[in-house]
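Here is how names work: the chains are called A, B, and so on, in the same order as the sequence lines, proteins then strands, and each is numbered from 1.
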Amino acid sequence: MAATHEAILANLTNAQRAAVTHRDGALLVLAGPGSGKTTVVTHRMAHLIAGGVPPWQILALTFTNKAAGEMGERMAAMLPGRSTGRGGPTVATFHSFCARQLRQFAEAADLAPRYSIYDDADQRDAIKQAMKQAEVDSTNFTPSAIGAAISNAKNRLLDAHAYAAQTSGFREGCITRVYSTYEKILRANDALDFDDLLLRMVRLLRTDEQVRTQLQQRYHYLLIDEYQDTNHAQFVIAHTLAASHGNICVVGDPDQSIYGWRGADISNILEFEQQYSMAKVVPLGQNFRSTGHIVDAAAGLIEHNKRRKSKRLYTELGPGERPAVVICRDEQHEAVLVADFLRGQSEQHGVVWKEMAVLYRVNALSRVLEEALRTAEIPYVIARGTAFYDRKEIKDALAYLRVIANPNDEVCLRRIINTPSRGIGKTTLKKVELFAIDGQLRLLEALRRAGDMTGLTARAVNAITKFVQMLEGCRKAAVGEVPRALAGSEHLARLVEQVIRESGLESAYQQSPTEEDQQRLANLEELISAAAQFVAPPADEQRSELRLLDLLTAFLESVALVSDADLVDPQRGTVTLMTLHTAKGLEFSAVAMIGLEENLLPHVRAADSDNELEEERRLCFVGITRAKRRLQLSRAALRTHRGIREPTIESRFLRELPAESIVLSDQAGEGARLDDERDGAVEFPVGSIVRHPKFGLGRVESIMPRAAGVSARVAFSTGGTKTLILDFAPLERVE
DNA sequence: CTGGTCATTTTTTTT
DNA sequence: AAATGACCAG
């Protein structure tokens, strides 16, 4: 055992070691970017286990499934055989942990065990429905605005009733009416939205003493990752679970709090010490990821935030290269320069594609990049984990599966009832709905009794009957028991296949000759293989048999809770394109950040609030600190937005970067526009190595248009930096 | 009931 | 620019 301890503590700094070895009581780890946070967390878990804590008593809650997976893997590598599967530590996201507990304790939580989880789109559908029912005019309030208000309320643990009691005014009154109708719809459909997963968990913990005690006793050591991004509901869950023993370790960085808009409360981490007066605090300021100028640039930027705990950020990796700030003509030009930058990294520095990333504030910016990267033949992927499951054909197939798992889910039922079209149109549906209301029936039950209805055409009745029979056939197939082991997913895949075939989705696309529909067919195939590869998380009940229906439910749950970051595959040999939010927690050798313009970063919607502006600055900070060695920040002088081309304003964040730690390169100026591309930018791009007969080898730091011609600032290996006019200087490019 | 066209609007970020 | 929704002809 002593040997294990030694091994676990080897190669850690004193600060890291302090965090790892702290055993009982509250612990706050303030982990700056690149400070070895994951190392500390995994080593801490291993250390607890090596110290005799049974692995299953450890609960680690993370932000993404990917983070959870990595944590589990690194643990397993350290303690072979003791840390995976049943009996191992529980490592999950807040949402999936809650989802599982709510199924486990469905009865106590007053839920159907196979409740549906509504994603954004489902939620919007349900809210629209609620607005109609509550007679709230959608011209005054958009469903998404109301949805945001409701989500906000839920994050603060207010149900419709409590929300009504706390607010007043016309708008709030309308929201209240929609909210309470929405609650009823969710209940009738046996559905929870994302916020409900947390809210209902809080309610369960508060109301059911037995469940609360059971969970408190089971999870003796709590570890919360990315604590700066927890909202009030998550705060309550964490602290309720820790209440009986106080063994709570939170890890985070206030400077990287970027989810305020969805209720994350930065004061959770800022006030942790007040909450636990005995808490041990371990600041980790040393950055092991990035070189000096990058760290300095990031540190200089974040200094501009008022509401923060100042901490010194430093690195011992040497100064490295200065981040380049590049001004481009427009977004196409910017994309080309990004491609040049990436290619340069590959060809001049031997950086592999997967060690590079392009980051942006909004997803819409990825489009232009894609084009440029395709022409430059640079392999890339866009990190949008949800994109696959957002495709229409996949959503349709999943809707069938969800109705099979939960027949009360009418949002899904409505979606599929006439998809692909089978002759059950608007008027027919209206009639069935009326019939359902009259007879107090659920929609599916009403459909079942279509034959009893008056006023339906024989054709409609026929279509409905066939539809209902098809659903029932699939449901029957799903009720059987299957072995829990891997083979179970084989059955699951077969069920998915059956649904795709019998629903008519398959033949609808098969008959179409278009490329697009063939792709959809292929996507459906992919869904089947996703099901075949699905492995249910270890359950607490140790049954060897499992109903296929439960496996299906677990599958649907995992699908509902995938995040964009989850599908960032490090094995892939490609450049990754993603939003700044998705990039949190990742690192790359070379990073290009685009769109450093006012109204984009910081985003327009943050303009009138200091708090939000600070959050934008943190977002920029997160982006910069993803880079290990090389960083390029760019902006376009002109950008086309919603069809109109407009001049942009330089982001204030660029001005806030310490001048001495960056290199400026204006590729958009007059001179640059005329000749630079041929003479300067292309022949001697920033970063290229050049030889001068007198000064020797040097590196181009920046390119600038001057009256006399294009000039370049070159740092020579002899130590000096010279500004040379490219037209006259006898420069020769070496690399 | 279906599929098309035309007008209208727009999510920033995501579990 | 693109995507959604309303509306209308077949």
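- For the pair A/Ile424 and A/Thr579, nearest-nucleotide mapping onto DNA chain B gives the more 5' position to A/Ile424.
- Between A/Tyr259 and A/His581, the distance from one ring center to the other falls under 6.0 angstrom.
- Two residues, A/Asp120 and A/Arg459, neighbour DNA chain B, and the one matched to the more 5' nucleotide by heavy-atom proximity is A/Arg459.
- Side-chain contact, A/Gln123 with A/Asp119: no donor N or O sits under 3.5 Å from an acceptor N or O.
- Looking at the side chain of A/Ser421, the nearest of the listed nucleotides B/dT2, B/dT14, B/dT10 is B/dT2.
- Distance from the side chain of A/Tyr259 is smallest to B/dT14 among B/dT15, B/dT12, B/dT14.
- Pairs passing the salt bridge (Lys or Arg N to Asp or Glu O under 4.0 Å) check and including a residue from residues 141-153 of chain A, sequence neighbours excluded, do not occur.
- The gap from the P atom of B/dT13 to that of C/dT4 amounts to 14 Å, rounded to the nearest Å.
- In this structure, A/Arg642 does not reach the B/dT10 phosphate: none of its side-chain N or O atoms is under 4.0 Å from OP1 or OP2.
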Show the distances under 3.5 angstrom between N or O atoms of the protein and N or O atoms of nucleotides 5-9 of chain C.
unit_1 : atom_1 : unit_2   : atom_2 : d
C/dG5  : OP1    : A/Lys128 : NZ     : 2.8

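- Close to B/dT15, at under 4.0 Å from its OP1 or OP2, lies no side-chain N or O of A/Asn155.
- Side chain of A/Glu616, nearest nucleotide from B/dT12, B/dT14, B/dT15: B/dT12.
- Distances shown here put every side-chain N or O of A/Ser96 at or beyond 4.0 Å from the OP1 or OP2 atom of B/dT15.
- With rounding to the nearest 0.5 Å, the separation of NZ in A/Lys431 from CD1 in A/Ile464 is 10.0 Å.
- In this structure, A/Lys395 is not positioned above the aromatic face of A/Tyr389 in the sense of NZ or CZ being under 6.0 Å from the six-membered ring centre and within 45° of the axis.
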